[in-house]
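Hydrogens, waters and symmetry mates are skipped; everything else that's a heavy atom, side chains included, is used. Order of the sequence lines sets the chain letters (A, B, ...), proteins ahead of strands, with each chain counted from 1.
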Number of protein chains: 2
Amino acid sequence: MTPARSLDDVLEHLRAGGKRITSPRRAILEALLKHAGRHPTAEQITADVHDRQPDVDKSTVYRLLDDLEKMGLIDHVHLAHGPAVYHFADDAHHHLVCENCSKVFEVPTGTFDALRRRLLANFDFEMQARHFAIPGRCGSCARASTSQQL
Amino acid sequence: MTPARSLDDVLEHLRAGGKRITSPRRAILEALLKHAGRHPTAEQITADVHDRQPDVDKSTVYRLLDDLEKMGLIDHVHLAHGPAVYHFADDAHHHLVCENCSKVFEVPTGTFDALRRRLLANFDFEMQARHFAIPGRCGSCARASTSQQL
DNA sequence: TTCCGTGCAAACAATTTGCAATAGA
DNA sequence: TCTATTGCAAATTGTTTGCACGGAA
(Lines give C-alpha, C1' and ligand atoms only; values in the text may rest on other atoms or scores of the structure.)
Protein backbone atom coordinates (compact mmCIF):
# COMPACT_ATOMS: atom_id res chain seq x y z
CA MET A 1 0.00 0.00 0.00
CA THR A 2 1.46 3.34 -1.05
CA PRO A 3 1.12 5.76 1.85
CA ALA A 4 -1.33 8.51 1.00
CA ARG A 5 -0.72 11.17 3.55
CA SER A 6 -0.85 14.46 1.70
CA LEU A 7 -3.95 16.21 0.49
CA ASP A 8 -2.81 16.09 -3.13
CA ASP A 9 -2.08 12.44 -2.74
CA VAL A 10 -5.53 11.58 -1.49
CA LEU A 11 -7.20 13.83 -4.03
CA GLU A 12 -5.33 11.96 -6.72
CA HIS A 13 -6.62 8.67 -5.35
CA LEU A 14 -10.13 10.07 -5.43
CA ARG A 15 -9.79 11.26 -9.01
CA ALA A 16 -8.37 7.90 -10.00
CA GLY A 17 -11.42 6.27 -8.47
CA GLY A 18 -13.69 8.42 -10.63
CA LYS A 19 -14.73 10.61 -7.71
CA ARG A 20 -15.29 14.34 -7.95
CA ILE A 21 -13.28 16.84 -5.97
CA THR A 22 -15.61 19.04 -3.97
CA SER A 23 -15.23 21.59 -1.26
CA PRO A 24 -16.76 19.40 1.49
CA ARG A 25 -14.42 16.61 0.51
CA ARG A 26 -11.39 18.83 0.68
CA ALA A 27 -12.37 19.99 4.15
CA ILE A 28 -12.99 16.47 5.38
CA LEU A 29 -9.68 15.25 4.02
CA GLU A 30 -7.86 18.14 5.62
CA ALA A 31 -9.42 17.28 8.95
CA LEU A 32 -8.48 13.65 8.52
CA LEU A 33 -4.88 14.54 7.68
CA LYS A 34 -4.70 16.87 10.63
CA HIS A 35 -5.55 13.93 12.89
CA ALA A 36 -3.08 11.56 11.23
CA GLY A 37 -1.50 9.28 13.81
CA ARG A 38 -4.43 9.73 16.16
CA HIS A 39 -7.79 7.97 16.24
CA PRO A 40 -10.51 10.47 15.42
CA THR A 41 -14.18 9.57 15.41
CA ALA A 42 -16.54 10.64 12.65
CA GLU A 43 -17.93 13.17 15.07
CA GLN A 44 -14.52 14.69 15.80
CA ILE A 45 -13.79 14.95 12.11
CA THR A 46 -17.16 16.59 11.53
CA ALA A 47 -16.52 19.07 14.34
CA ASP A 48 -13.20 19.93 12.78
CA VAL A 49 -14.76 20.47 9.39
CA HIS A 50 -17.41 22.68 10.96
CA ASP A 51 -14.76 25.13 12.17
CA ARG A 52 -14.29 26.06 8.56
CA GLN A 53 -17.48 24.93 6.85
CA PRO A 54 -20.40 24.68 9.27
CA ASP A 55 -22.81 23.48 6.60
CA VAL A 56 -21.09 20.21 5.85
CA ASP A 57 -23.36 17.48 7.06
CA LYS A 58 -22.23 14.50 9.07
CA SER A 59 -23.79 12.18 6.51
CA THR A 60 -21.34 13.61 4.00
CA VAL A 61 -18.51 12.82 6.37
CA TYR A 62 -19.71 9.24 6.84
CA ARG A 63 -20.13 8.82 3.10
CA LEU A 64 -16.62 9.97 2.33
CA LEU A 65 -15.14 7.85 5.10
CA ASP A 66 -16.92 4.86 3.58
CA ASP A 67 -15.54 5.68 0.15
CA LEU A 68 -12.02 6.11 1.45
CA GLU A 69 -12.26 2.81 3.24
CA LYS A 70 -13.52 1.03 0.14
CA MET A 71 -10.56 2.51 -1.71
CA GLY A 72 -8.27 1.07 0.92
CA LEU A 73 -6.95 4.42 2.09
CA ILE A 74 -8.29 4.29 5.63
CA ASP A 75 -9.48 1.70 8.14
CA HIS A 76 -12.07 1.97 10.83
CA VAL A 77 -11.67 0.39 14.25
CA HIS A 78 -14.32 -0.34 16.85
CA LEU A 79 -12.93 0.41 20.25
CA ALA A 80 -14.53 -1.37 23.15
CA HIS A 81 -17.49 0.97 23.35
CA GLY A 82 -18.60 4.10 21.64
CA PRO A 83 -18.09 5.24 18.08
CA ALA A 84 -15.72 3.85 15.48
CA VAL A 85 -12.40 5.61 14.96
CA TYR A 86 -10.47 6.01 11.75
CA HIS A 87 -6.82 5.89 10.75
CA PHE A 88 -4.80 5.65 7.57
CA ALA A 89 -4.57 2.11 6.26
CA ASP A 90 -0.83 2.31 5.66
CA ASP A 91 -0.41 2.90 9.38
CA ALA A 92 -1.23 -0.74 10.10
CA HIS A 93 -1.44 -1.74 13.74
CA HIS A 94 -3.76 -3.35 16.21
CA HIS A 95 -5.40 -1.71 19.17
CA LEU A 96 -5.61 -2.38 22.88
CA VAL A 97 -8.20 -0.37 24.77
CA CYS A 98 -8.33 0.08 28.48
CA GLU A 99 -11.92 -0.46 29.58
CA ASN A 100 -11.25 1.69 32.59
CA CYS A 101 -9.54 4.82 31.28
CA SER A 102 -10.36 4.30 27.58
CA LYS A 103 -6.77 4.88 26.55
CA VAL A 104 -5.81 3.24 23.26
CA PHE A 105 -2.48 1.47 22.79
CA GLU A 106 -1.10 0.50 19.43
CA VAL A 107 0.71 -2.78 18.97
CA PRO A 108 2.42 -4.12 15.86
CA THR A 109 0.34 -6.56 13.87
CA GLY A 110 3.05 -9.19 14.34
CA THR A 111 2.03 -9.47 17.97
CA PHE A 112 -0.88 -11.61 16.87
CA ASP A 113 0.92 -13.87 14.42
CA ALA A 114 1.17 -16.83 16.79
CA LEU A 115 -2.51 -16.60 17.70
CA ARG A 116 -3.43 -16.22 14.05
CA ARG A 117 -1.54 -19.40 13.18
CA ARG A 118 -3.06 -21.27 16.05
CA LEU A 119 -6.63 -20.29 15.16
CA LEU A 120 -6.01 -21.32 11.57
CA ALA A 121 -4.45 -24.65 12.51
CA ASN A 122 -6.81 -25.61 15.31
CA PHE A 123 -10.08 -24.05 14.27
CA ASP A 124 -9.76 -23.49 10.54
CA PHE A 125 -10.43 -19.82 11.18
CA GLU A 126 -8.78 -16.82 9.54
CA MET A 127 -8.58 -14.21 12.24
CA GLN A 128 -9.03 -10.64 11.11
CA ALA A 129 -8.78 -8.39 14.14
CA ARG A 130 -7.98 -5.23 12.22
CA HIS A 131 -11.38 -3.67 12.81
CA PHE A 132 -11.74 -4.55 16.45
CA ALA A 133 -9.71 -3.55 19.44
CA ILE A 134 -8.69 -5.94 22.19
CA PRO A 135 -10.22 -4.72 25.44
CA GLY A 136 -8.60 -5.06 28.81
CA ARG A 137 -6.95 -3.05 31.50
CA CYS A 138 -3.80 -0.99 31.18
CA GLY A 139 -1.05 -1.34 33.76
CA SER A 140 -1.72 1.85 35.64
CA CYS A 141 -5.44 1.20 35.93
CA ALA A 142 -4.75 -2.38 36.97
CA ARG A 143 -2.45 -1.21 39.76
CA ALA A 144 -4.66 1.71 40.75
CA SER A 145 -7.68 -0.47 41.42
CA THR A 146 -7.61 -2.84 44.32
CA SER A 147 -11.11 -3.78 43.28
CA GLN A 148 -12.24 -6.99 41.69
CA GLN A 149 -11.32 -8.42 38.32
CA LEU A 150 -12.69 -6.78 35.22
CA MET B 1 -18.19 -19.87 40.07
CA THR B 2 -20.93 -22.27 41.05
CA PRO B 3 -22.91 -23.16 37.96
CA ALA B 4 -26.41 -21.75 38.17
CA ARG B 5 -28.36 -23.54 35.56
CA SER B 6 -31.72 -24.37 37.07
CA LEU B 7 -34.57 -21.97 37.63
CA ASP B 8 -34.55 -22.55 41.37
CA ASP B 9 -30.85 -22.00 41.43
CA VAL B 10 -31.06 -18.63 39.73
CA LEU B 11 -34.06 -17.60 41.78
CA GLU B 12 -32.03 -18.36 44.87
CA HIS B 13 -29.22 -16.15 43.62
CA LEU B 14 -31.72 -13.37 43.02
CA ARG B 15 -33.20 -13.69 46.47
CA ALA B 16 -29.72 -13.70 47.96
CA GLY B 17 -29.03 -10.49 46.12
CA GLY B 18 -32.08 -8.89 47.69
CA LYS B 19 -34.10 -9.02 44.48
CA ARG B 20 -37.79 -9.79 44.29
CA ILE B 21 -39.16 -12.77 42.45
CA THR B 22 -41.73 -11.60 39.93
CA SER B 23 -43.61 -13.19 37.11
CA PRO B 24 -41.71 -11.31 34.37
CA ARG B 25 -38.45 -12.38 35.94
CA ARG B 26 -39.49 -16.01 36.05
CA ALA B 27 -40.42 -15.91 32.38
CA ILE B 28 -37.17 -14.23 31.38
CA LEU B 29 -35.12 -16.72 33.36
CA GLU B 30 -36.98 -19.63 31.79
CA ALA B 31 -36.26 -18.26 28.34
CA LEU B 32 -32.61 -17.80 29.25
CA LEU B 33 -32.35 -21.35 30.55
CA LYS B 34 -34.05 -22.69 27.46
CA HIS B 35 -31.30 -21.11 25.37
CA ALA B 36 -28.48 -22.40 27.58
CA GLY B 37 -25.49 -23.36 25.49
CA ARG B 38 -26.58 -21.08 22.67
CA HIS B 39 -26.07 -17.33 22.23
CA PRO B 40 -29.42 -15.59 22.40
CA THR B 41 -29.81 -11.85 21.93
CA ALA B 42 -31.96 -9.72 24.20
CA GLU B 43 -34.47 -9.61 21.37
CA GLN B 44 -34.64 -13.39 21.06
CA ILE B 45 -35.13 -13.74 24.77
CA THR B 46 -37.87 -11.13 24.67
CA ALA B 47 -39.59 -12.91 21.79
CA ASP B 48 -39.48 -16.12 23.78
CA VAL B 49 -40.96 -14.47 26.82
CA HIS B 50 -43.71 -12.98 24.67
CA ASP B 51 -44.94 -16.44 23.68
CA ARG B 52 -46.14 -16.79 27.23
CA GLN B 53 -46.37 -13.24 28.50
CA PRO B 54 -46.80 -10.72 25.70
CA ASP B 55 -46.86 -7.75 28.04
CA VAL B 56 -43.34 -8.10 29.34
CA ASP B 57 -41.39 -5.15 28.02
CA LYS B 58 -37.95 -5.39 26.49
CA SER B 59 -36.68 -2.84 28.97
CA THR B 60 -37.54 -5.32 31.70
CA VAL B 61 -35.51 -7.93 29.88
CA TYR B 62 -32.53 -5.62 29.55
CA ARG B 63 -32.78 -4.66 33.20
CA LEU B 64 -32.77 -8.23 34.40
CA LEU B 65 -29.92 -9.18 32.08
CA ASP B 66 -27.94 -6.30 33.57
CA ASP B 67 -28.69 -7.47 37.08
CA LEU B 68 -27.73 -11.05 36.31
CA GLU B 69 -24.51 -9.88 34.80
CA LYS B 70 -23.69 -7.71 37.81
CA MET B 71 -24.31 -10.77 39.97
CA GLY B 72 -21.84 -12.69 37.85
CA LEU B 73 -24.37 -15.23 36.61
CA ILE B 74 -24.23 -14.36 32.93
CA ASP B 75 -21.88 -12.64 30.50
CA HIS B 76 -22.64 -10.65 27.42
CA VAL B 77 -20.57 -10.83 24.26
CA HIS B 78 -20.43 -8.40 21.38
CA LEU B 79 -20.21 -10.32 18.17
CA ALA B 80 -18.66 -8.50 15.26
CA HIS B 81 -21.81 -6.60 14.40
CA GLY B 82 -25.35 -6.52 15.61
CA PRO B 83 -26.71 -6.98 19.08
CA ALA B 84 -24.99 -8.43 22.13
CA VAL B 85 -25.57 -12.06 22.99
CA TYR B 86 -25.72 -13.65 26.42
CA HIS B 87 -24.53 -16.86 27.97
CA PHE B 88 -24.04 -18.30 31.43
CA ALA B 89 -20.85 -17.14 33.05
CA ASP B 90 -19.83 -20.61 34.18
CA ASP B 91 -19.80 -21.64 30.55
CA ALA B 92 -16.56 -19.72 29.97
CA HIS B 93 -15.24 -19.60 26.45
CA HIS B 94 -14.17 -17.14 23.80
CA HIS B 95 -15.86 -16.49 20.50
CA LEU B 96 -14.80 -16.42 16.90
CA VAL B 97 -17.30 -14.89 14.47
CA CYS B 98 -17.24 -15.29 10.73
CA GLU B 99 -17.80 -11.86 9.21
CA ASN B 100 -19.17 -13.54 6.13
CA CYS B 101 -21.68 -16.11 7.38
CA SER B 102 -21.97 -14.79 10.95
CA LYS B 103 -21.45 -18.24 12.41
CA VAL B 104 -20.05 -18.25 15.95
CA PHE B 105 -17.34 -20.68 17.05
CA GLU B 106 -16.44 -21.28 20.65
CA VAL B 107 -12.85 -21.77 21.65
CA PRO B 108 -11.44 -22.61 25.07
CA THR B 109 -10.11 -19.61 26.97
CA GLY B 110 -6.70 -21.28 27.11
CA THR B 111 -6.30 -20.59 23.42
CA PHE B 112 -5.42 -17.01 24.31
CA ASP B 113 -3.03 -17.70 27.18
CA ALA B 114 0.12 -17.11 25.14
CA LEU B 115 -1.20 -13.84 23.74
CA ARG B 116 -2.35 -12.78 27.17
CA ARG B 117 1.12 -13.35 28.59
CA ARG B 118 2.75 -11.54 25.73
CA LEU B 119 0.51 -8.47 26.04
CA LEU B 120 1.18 -8.36 29.75
CA ALA B 121 4.94 -8.72 29.38
CA ASN B 122 5.44 -6.45 26.38
CA PHE B 123 2.73 -3.86 26.82
CA ASP B 124 1.80 -3.99 30.48
CA PHE B 125 -1.76 -4.73 29.42
CA GLU B 126 -4.21 -7.17 30.97
CA MET B 127 -6.22 -8.52 28.08
CA GLN B 128 -9.85 -9.21 28.78
CA ALA B 129 -11.44 -10.51 25.60
CA ARG B 130 -14.38 -12.15 27.31
CA HIS B 131 -16.88 -9.56 26.10
CA PHE B 132 -15.68 -9.32 22.54
CA ALA B 133 -15.55 -11.87 19.79
CA ILE B 134 -12.60 -12.23 17.45
CA PRO B 135 -13.83 -11.55 13.92
CA GLY B 136 -12.49 -13.27 10.86
CA ARG B 137 -13.47 -15.78 8.26
CA CYS B 138 -14.36 -19.40 8.80
CA GLY B 139 -12.75 -22.08 6.68
CA SER B 140 -15.71 -22.77 4.43
CA CYS B 141 -16.30 -19.10 3.70
CA ALA B 142 -12.59 -18.58 3.08
CA ARG B 143 -12.55 -21.40 0.56
CA ALA B 144 -15.86 -20.47 -1.01
CA SER B 145 -14.77 -16.96 -1.89
CA THR B 146 -12.12 -16.49 -4.51
CA SER B 147 -12.53 -12.79 -3.86
CA GLN B 148 -10.11 -10.47 -2.15
CA GLN B 149 -8.93 -10.48 1.45
CA LEU B 150 -11.31 -9.46 4.15
C1' DT C 1 -25.43 18.82 -19.99
C1' DT C 2 -24.93 15.03 -17.10
C1' DC C 3 -24.91 12.80 -13.17
C1' DC C 4 -22.47 12.75 -8.84
C1' DG C 5 -22.49 14.71 -4.49
C1' DT C 6 -24.85 17.33 -1.09
C1' DG C 7 -27.73 19.10 2.91
C1' DC C 8 -31.67 18.09 5.23
C1' DA C 9 -34.77 15.37 7.58
C1' DA C 10 -36.16 11.20 8.77
C1' DA C 11 -35.25 6.33 9.65
C1' DC C 12 -32.51 3.07 11.97
C1' DA C 13 -30.94 -0.48 15.55
C1' DA C 14 -29.82 -1.46 20.05
C1' DT C 15 -30.22 0.06 24.28
C1' DT C 16 -31.34 3.19 28.17
C1' DT C 17 -34.07 6.17 30.95
C1' DG C 18 -37.97 8.85 33.38
C1' DC C 19 -42.10 8.20 35.42
C1' DA C 20 -46.36 6.96 37.47
C1' DA C 21 -48.82 2.81 38.53
C1' DT C 22 -48.39 -1.82 40.66
C1' DA C 23 -47.33 -5.53 43.24
C1' DG C 24 -43.76 -8.34 46.05
C1' DA C 25 -41.93 -8.93 50.97
C1' DT D 1 -46.95 -0.66 54.23
C1' DC D 2 -43.07 0.44 51.61
C1' DT D 3 -40.17 0.48 48.09
C1' DA D 4 -38.51 -2.51 44.22
C1' DT D 5 -40.22 -3.49 39.86
C1' DT D 6 -42.81 -2.82 35.73
C1' DG D 7 -44.92 -1.15 31.30
C1' DC D 8 -44.98 2.57 28.42
C1' DA D 9 -43.16 6.13 25.91
C1' DA D 10 -39.58 8.84 24.87
C1' DA D 11 -34.71 9.79 24.68
C1' DT D 12 -29.97 8.32 23.28
C1' DT D 13 -26.12 7.11 20.42
C1' DG D 14 -23.98 6.18 16.20
C1' DT D 15 -24.91 5.57 11.70
C1' DT D 16 -27.62 5.13 7.36
C1' DT D 17 -30.94 6.37 3.87
C1' DG D 18 -34.34 8.83 0.67
C1' DC D 19 -34.81 12.70 -1.86
C1' DA D 20 -34.70 16.79 -4.62
C1' DC D 21 -31.49 20.42 -5.53
C1' DG D 22 -26.89 22.19 -7.01
C1' DG D 23 -22.49 22.01 -8.69
C1' DA D 24 -18.14 19.34 -10.76
C1' DA D 25 -16.58 17.54 -15.17
Can you tell me which nucleotide in [options] comes closest to the side chain of [X]?
X: A/Arg20; options: C/dC4, D/dT17, D/dG14; result: C/dC4
X: B/Pro24; options: C/dG5, D/dG7, D/dT5; result: D/dG7
X: B/Arg63; options: C/dT17, C/dC8, D/dT5; result: C/dT17
X: B/Ser59; options: D/dT6, C/dG5, D/dA9; result: D/dA9
X: A/Thr22; options: C/dT6, C/dT16, D/dG7; result: C/dT6

Find the distance [X]:[atom1] to [N]:[atom2] and express it as a whole number of Å.
X: A/Leu64; N: C/dG7; atom1: CG; atom2: P; answer: 11 Å
X: B/Asp66; N: D/dT6; atom1: CG; atom2: C1'; answer: 15 Å
X: B/His76; N: C/dT15; atom1: NE2; atom2: P; answer: 9 Å
X: A/His50; N: C/dT6; atom1: NE2; atom2: C1'; answer: 12 Å
X: B/Leu11; N: C/dA25; atom1: CG; atom2: C1'; answer: 15 Å
X: A/Arg26; N: C/dT6; atom1: CZ; atom2: C1'; answer: 16 Å
X: B/Lys58; N: D/dA10; atom1: NZ; atom2: C1'; answer: 11 Å

Check whether any side-chain N or O of A/Thr60 sits under 4.0 Å from OP1 or OP2 of C/dG7, and answer yes or no.
-> yes
Within the structure, does a side-chain N or O atom of B/Tyr62 lie under 4.0 Å from either OP1 or OP2 of C/dT16?
-> no
Check A/His39, A/His95, A/His87 against A/Glu106 for a side-chain hydrogen bond (donor to acceptor under 3.5 Å, both in side chains) and give me the one that passes.
->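 Of A/His39, A/His95, A/His87, side-chain hydrogen bond (donor to acceptor under 3.5 Å, both in side chains) with A/Glu106 is met by A/His39 alone.
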Looking at A/Arg130, A/His93, A/His131, which one forms a side-chain hydrogen bond (donor to acceptor under 3.5 Å, both in side chains) with A/Asp75?
->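 Passing option: A/Arg130.
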Side chains of B/His76 and B/Glu69, donor plus acceptor under 3.5 Å = yes
Pairing pattern in dot-bracket form [Watson-Crick, G-U; both distances under 3.5 Å; | = partner strand] for DNA chain D = ||||||||||.||.|||||||||||
Would you mind checking if A/Arg143 and B/Asp124 are paired as a salt bridge, meaning a charged N to carboxylate O distance below 4.0 Å?
->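 Salt bridge between B/Asp124 and A/Arg143, a charged N being under 4.0 Å from a carboxylate O: yes.
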Between B/Ser23 and A/Val61, just flag the one whose closest nucleotide in DNA chain C comes earlier from the 5' side.
->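 Comparing both residues, the 5'-ward one is A/Val61.
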Using heavy atoms to find the nearest nucleotide of DNA chain C for B/Pro83 and B/Lys19 separately, return the residue whose nucleotide is more 5′.
-> B/Pro83
Within 6.0 angstrom of B/Glu43 CD, more than 12 heavy atoms from elsewhere |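 Atom CD in B/Glu43 is not crowded, with 12 or fewer foreign heavy atoms closer than 6.0 Å.
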For atom CZ of A/Arg52, decide whether the heavy atoms of other residues, nucleotides or ligands shown that lie under 6.0 angstrom number more than 12.
->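 Not buried by this count: 12 neighbours or fewer within 6.0 Å.
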Taking B/Arg116 for its side chain and B/Met127 for its backbone only, find out whether a donor-acceptor pair lies under 3.5 Å.
->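 Indeed, once roles are kept as given, a pair shorter than 3.5 Å links the two residues.
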For A/Asp55, answer base if it contacts any base atom (sugar-phosphate contacts may also be present), sugar-phosphate if it contacts only those atoms, and nothing otherwise; contact means non-hydrogen atoms under 4.0 Å.
->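 Sugar-phosphate only.
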